[in-house]
Amino acid sequence: MMTMKTMNYTKLLFFLPLFLLLCAGHLSAQTETVRKIDSLVKHADSAGIFNGNILVSENNRIIYEASFGFTDVAKQEKLNKNSRFHLGSITKEFSAAALMQLEEKGKLKQSDKVSEMIPELPAWADEITLKDLLQYSSGLPKINWKNIKNDQDVFNGLRAVEKLDFTPGSRYDYNNNTIFLRHFVIEHVTGMPYKAYAEKFIFKPAGMKYSVMTPFMQEKNIAKGFKNTGVQDPAEPAITGGTYATARDLMKWAEALHAGKIISKQSLYILGQGFPVEDSESALGHAVYSNRKLTRHFHQGRAGSFEAVLFSDPVRKINIIILSNSSAGNLPALSDAIRSVFGLKNPDS
């Protein structure tokens, strides 16, 4: 008589060939995907338009990771997966997420005026809300970099602003003064330096073990920006906020953010709402939602010769991370080409 155990084993043997065939088909399809990605990146490298690191993940697994080029203008040391690159404007997601964390804890509200947190600022601080800081509609004039060497210089520059360029909330203006003011709000509300807050409440819960925020000294595996003409980027001023990260750390950030490990899904939705004009960026760069659920997240960052691209499809669980320390603005095009390999034609498709 055939026992239940024998029957189950017989069924397993019956389905085993089909299972192996399906697995082979999946592996074959994924291998072809990786081959196409590798071909695209190597073409960019051979054409001399890509010097950096790239990572592509699908279904929570890295399927492609590679380094091309050198760590600095001397071209003596090659980049590797542990190389850390300046994220440019992508780093602004961290201060935006920090403000939402504080709102979730009841420490502040988006409707709060900046003057409530930093009363020593001029009268214009009573006009700007935290929502204006998140949507780049503060009206603050652009920062005068000639006078900036450290955080105190930035704060003194804000105190010296006599009037705003426009009524807060009436126009969109992507502005670094707005970002620095976010940092100062976080510091005044928490009593912590913004860098310390980011390390404890942003990097650590996201698992970003190899990320470091400026200013810093004697860190290893820091890529240096340089132009194709052979000119090294000048040293950065000792200002808090710029983040150097590996491709893996940036992937971890995207996954933790989208999974609700950093802020709630409601807060994530709020951050993706930009000022209502064409071509405006939200605090997440370009975010697409369906029924308030994030379906696409694309953010590009630039800082000197550094360029970073983060593309994520949380629904299909696809991440594309591209980091360069010698870029001519080619990374979005490379990201588009890789998206097409997955059948993702553009950020809104």
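- Residue K200 qualifies as open at atom NZ: its count of foreign heavy atoms under 6.0 Å is 12 or below.
- Judged by distance alone, with hydrogens and angles left aside, the side-chain atoms of S282 form a donor-acceptor pair with the main-chain N or O of G285 at under 3.5 Å.
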Check the pair H299, E281 against side-chain contact (heavy atoms from CB on, under 4.5 Å), reporting the backbone distance first and the verdict last.
CA-CA 9 Å; H299 208 162; E281 281 198 14; 3.6 Å; yes
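- Other residues, nucleotides and ligands contribute only 12 or fewer heavy atoms inside 6.0 Å of the NZ atom of K265.
- Between S111 and T129, the shortest heavy-atom distance links the atoms O-CG2, 3.8 Å.
- In this structure, K107 is not positioned above the aromatic face of F201 in the sense of NZ or CZ being under 6.0 Å from the six-membered ring centre and within 45° of the axis.
- Between E255 and K252, no side-chain nitrogen of the basic residue sits less than 4.0 Å from a carboxylate oxygen of the acidic one, so the salt-bridge criterion is not met.
- Residues T71 and N325 have side chains that never bring a donor and an acceptor to within less than 3.5 angstrom of each other.
- Under a 4.0 Å N-O distance rule, the pair D45/K42 does not qualify as a salt bridge.
- Side-chain N or O atoms of R248 include none that pairs as donor or acceptor with a backbone N or O of N82 at under 3.5 Å.
- Under the 4.5 Å side-chain contact rule for hydrophobic residues, I321 and I222 share a cluster.
- Contact annotation: the side chain of D233 approaches that of K227 to within less than 4.5 Å [non-hydrogen atoms, C-beta and beyond].
- Side chain of H258 to main chain of L294: no donor-acceptor pair is present (N/O by atom type, distance under 3.5 Å, no hydrogens or angles).
- Under the 3.5 Å distance criterion, the side-chain polar atoms of Q110 are left unmatched by any main-chain donor or acceptor of K131.
- Using a 4.5 Å heavy-atom threshold, the side chains of L257 and L284 count as touching.
- At a threshold of 4.5 Å between non-hydrogen side-chain atoms, the residues R339 and D313 do not count as touching.
- Between the side chain of S46 and the backbone N or O of H43, at least one donor-acceptor pair lies under 3.5 Å.
- Here the shortest heavy-atom pairing between S324 and F85 reads C-CD2, 3.7 Å.
- With T214 contributing its side chain and I239 its backbone, the two residues share a donor-acceptor pair below 3.5 Å.
- No more than 12 heavy atoms of other residues, nucleotides or ligands sit less than 6.0 Å from atom OH of Y210.
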With side-chain contact (heavy atoms from CB on, under 4.5 Å) as the criterion, how do H183 and D151 come out once you've worked through the C-alpha distance, each side chain's angles and the decisive distance to 0.1 Å?
CA-CA 10 Å; H183 299 175; D151 292 342; over 6 Å; no
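- Geometrically, R292 engages Y269 in a cation-pi contact defined by less than 6.0 Å to the ring centre and at most 45° from the axis.
- Aromatic ring centroids of F70 and F226 lie 6.0 Å or more apart.
- In this structure, the ring of F180 has its center no less than 6.0 angstrom from the ring center of F155.
- With a 6.0 Å radius and a threshold of 12 heavy atoms from other residues, nucleotides or ligands, K105 has its NZ atom above the threshold.
- The hydrophobic clustering, which links ILVMFWY residues whose side-chain heavy atoms are closer than 4.5 Å, places V56 and L250 apart.
- The side-chain heavy atoms of L323 and L331, taken from C-beta on, include no pair separated by under 4.5 Å.
- For S264 and E104, the side-chain atoms include at least one donor-acceptor pair closer than 3.5 Å.
- No continuous path of ILVMFWY side-chain contacts below 4.5 Å connects L108 to I179, so the two sit in separate hydrophobic clusters.
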Verify side-chain contact (heavy atoms from CB on, under 4.5 Å) between E103 and L130, making sure each step is shown before the conclusion.
CA-CA 10 Å; E103 181 172 55; L130 299 185; over 6 Å; no
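- How far CG of N176 is from CG of L140: 11.5 Å, rounded to the nearest 0.5 Å.
- With 3.5 Å as the limit, one finds no donor-acceptor pair spanning the side chains of Y136 and K92.
- Other residues, nucleotides and ligands contribute at most 12 non-hydrogen atoms within 6.0 Å of the CD atom of E162.
- Note: D336 CG to F298 CZ = 6.5 Å, rounded to the nearest 0.5 Å.
- Side chains of S138 and D132: no donor on one and acceptor on the other come within 3.5 Å.
- For Q232 (side chain) and G225 (main-chain N/O), a donor-acceptor pair under 3.5 Å exists by modelled atom type.
- Under a hydrophobic-cluster definition in which Ile, Leu, Val, Met, Phe, Trp and Tyr are linked whenever side-chain heavy atoms come within less than 4.5 Å, directly or via other members, I320 and V315 are assigned to different clusters.
- Between V231 and V73 the shortest side-chain heavy-atom distance does not fall below 4.5 Å.
- Considering every non-hydrogen atom in both H86 and A308, the closest pair reads O-CB, 4.3 Å.
- With no hydrogens or angles considered, a side-chain donor-acceptor pair links N53 and S67 at under 3.5 Å.
- Of the charged side-chain nitrogens involved, at least one lies within less than 4.0 Å of a carboxylate oxygen, so that D173 and K142 count as a salt-bridged pair.
- Between the side chains of Q135 and Q273, not a single donor N or O lies within less than 3.5 Å of an accepting N or O.
- No cation-pi contact links R316 to F342, judged by a cut-off of 6.0 Å to the six-membered ring centre and 45° from its axis.
- Within the 3.5 Å criterion, the main-chain N or O of S211 finds a donor-acceptor partner in the side chain of D249.
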Please determine whether side-chain contact (heavy atoms from CB on, under 4.5 Å) holds for the pair K81 and T246, giving the CA-CA distance in whole Å, both sets of side-chain angles, and the decisive distance to 0.1 Å.
CA-CA 7 Å; K81 68 179 183 181; T246 63; over 6 Å; no
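- Note on R35 versus D38: no salt bridge recorded, every NZ/NE/NH1/NH2 to OD/OE distance being 4.0 Å or above.
- Relative ring orientation between F203 and F94 is described as perpendicular, the plane-to-plane angle rising above 60° on a 0-90° scale split at 30° and 60°.
- With E58 contributing its side chain and I63 its backbone, the two residues share no donor-acceptor pair below 3.5 Å.
- Using a 4.5 Å heavy-atom threshold, the side chains of I262 and W253 count as touching.
- Looking at every heavy atom in both residues, L55 comes nearest to I62 through CD1-CD1, 3.7 Å.
- The shortest distance between side-chain heavy atoms of V154 and F184 falls below 4.5 Å.
- L268 and M251 fall within a single hydrophobic cluster, where Ile, Leu, Val, Met, Phe, Trp and Tyr are joined by side-chain heavy atoms under 4.5 Å apart, directly or via other members.
- Within 6.0 Å of the NZ atom in K195, the count of heavy atoms belonging to other residues, nucleotides or ligands exceeds 12.
- A distance-only check finds a donor-acceptor pair linking the side chain of D112 to the backbone of K109 [under 3.5 Å].
- The shortest heavy-atom contact between A97 and I263 is O-CG2, 3.5 Å.
- Taking every heavy atom of both residues into account, R182 and A283 meet most closely at NH2-CB, 4.4 Å.
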